[in-house]
Amino acid sequence: QVQLVESGGGLVQAGGSLRLSCVASGRFFSSYALGWFRQAPGKEREFVATVNWNGDGVDYADSVKGRFTISRDNAKNTLYLQMNSLKPEDTAIYYCARRERSSGSRAPRDYYYWGQGTQVTVSS
């Protein structure tokens, strides 16, 4: 059984930073790609960032490139998202997800396991 638990969300002023974490239970964490997605009220879930199985392949949405950094620590079964220079439009529930492949993807449908999400609110 695989469980993903996000933490680190909260309320921050525009220009501030947050670091999200996602701890995974279950086996073979280091074998699979992971991703971060977000969903704002009234909008569809959208891709934020993804990392491949060993951390040397990453991809970002254009809207967060240069501000967010995705990373993973396979020894700790943990995925991270460092978010800097936050903007009000970054406000959303952020989800981590695991794909049953070693390479990342931008498509939510390519991910099988999902966490419950953590709220990020950026005030102007």
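Hydrogens, waters and symmetry mates play no part in the numbers below; they use all other heavy atoms, side chains included.
Note that OG of S31 is 14.0 Å distant from CZ of R99, once rounded to the nearest 0.5 Å. Note that the CZ atom of R45 and the CZ atom of R109 stand 14.5 Å from one another [nearest 0.5 Å]. How far SG of C96 is from CZ of F37: 10.5 Å, rounded to the nearest 0.5 Å.
The main-chain N or O of S105 is found under 3.5 Å from a side-chain atom of Y111 such that the two form a donor-acceptor pair.
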inquiry  = Using the rule given for side-chain contact (heavy atoms from CB on, under 4.5 Å), can you reason through L86 versus F68, listing the C-alpha separation, both sets of side-chain angles and the distance that settles it, and then say yes or no?
reply    = CA-CA 9 Å; L86 283 161; F68 291 9; 3.8 Å; yes
Q: Could you go through the side-chain contact (heavy atoms from CB on, under 4.5 Å) check for E6 and L20 one step at a time?
A: CA-CA 7 Å; E6 302 97 334; L20 305 184; over 6 Å; no
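No more than 12 heavy atoms of other residues, nucleotides or ligands sit less than 6.0 Å from atom NZ of K43.
Both V51 and L81 sit in one connected hydrophobic cluster of ILVMFWY residues. Membership requires side-chain heavy atoms under 4.5 Å apart, directly or through other members. Both F29 and V58 belong to a common hydrophobic cluster when Ile, Leu, Val, Met, Phe, Trp and Tyr are linked at side-chain heavy-atom distances under 4.5 angstrom. Linking Ile, Leu, Val, Met, Phe, Trp and Tyr residues whenever their side-chain heavy atoms come within less than 4.5 Å leaves Y94 and V23 in two separate clusters. If you chain together hydrophobic residues whose side chains sit under 4.5 Å apart, V122 and V48 fall into the same group.
Remark: D59 engages R106 in a salt bridge, criterion side-chain N to carboxylate O under 4.0 Å.
Test Y95, F47, W114 against P108 for side chain to side chain contact (heavy atoms under 4.5 Å, CB included) and you get one pass: W114. Screening T50, L79, V64 for a side chain to side chain contact (heavy atoms under 4.5 Å, CB included) involving W36 leaves a single residue, L79.
Of all the heavy atoms in S103 and N52, the pair that sits closest is CA-CB, 4.3 Å. Residues M83 and V120 share a closest heavy-atom pair of CE-CG2, 3.9 Å. For A92 against A40, the heavy-atom pair with the smallest separation is CB-N, 3.8 Å. The two atoms that bring C22 and L4 nearest to each other are SG-CB, 3.9 Å, heavy atoms only. Shortest non-hydrogen contact noted between S21 and T78 is CB-CG2, 4.4 Å.
Aromatic rings from Y113 and Y32 are positioned such that their centres are separated by 6.0 Å or more.
Within the structure, the side chain to side chain donor-acceptor pair (under 3.5 Å) test picks out the following pairs touching residues 79-91 (sequence neighbours left out): S17-N84, R38-D90, R67-D90, Q82-N84.
Applying the side chain to side chain donor-acceptor pair (under 3.5 Å) rule to N74 yields the partners R72; only residues at least two apart in sequence or on another chain are considered.
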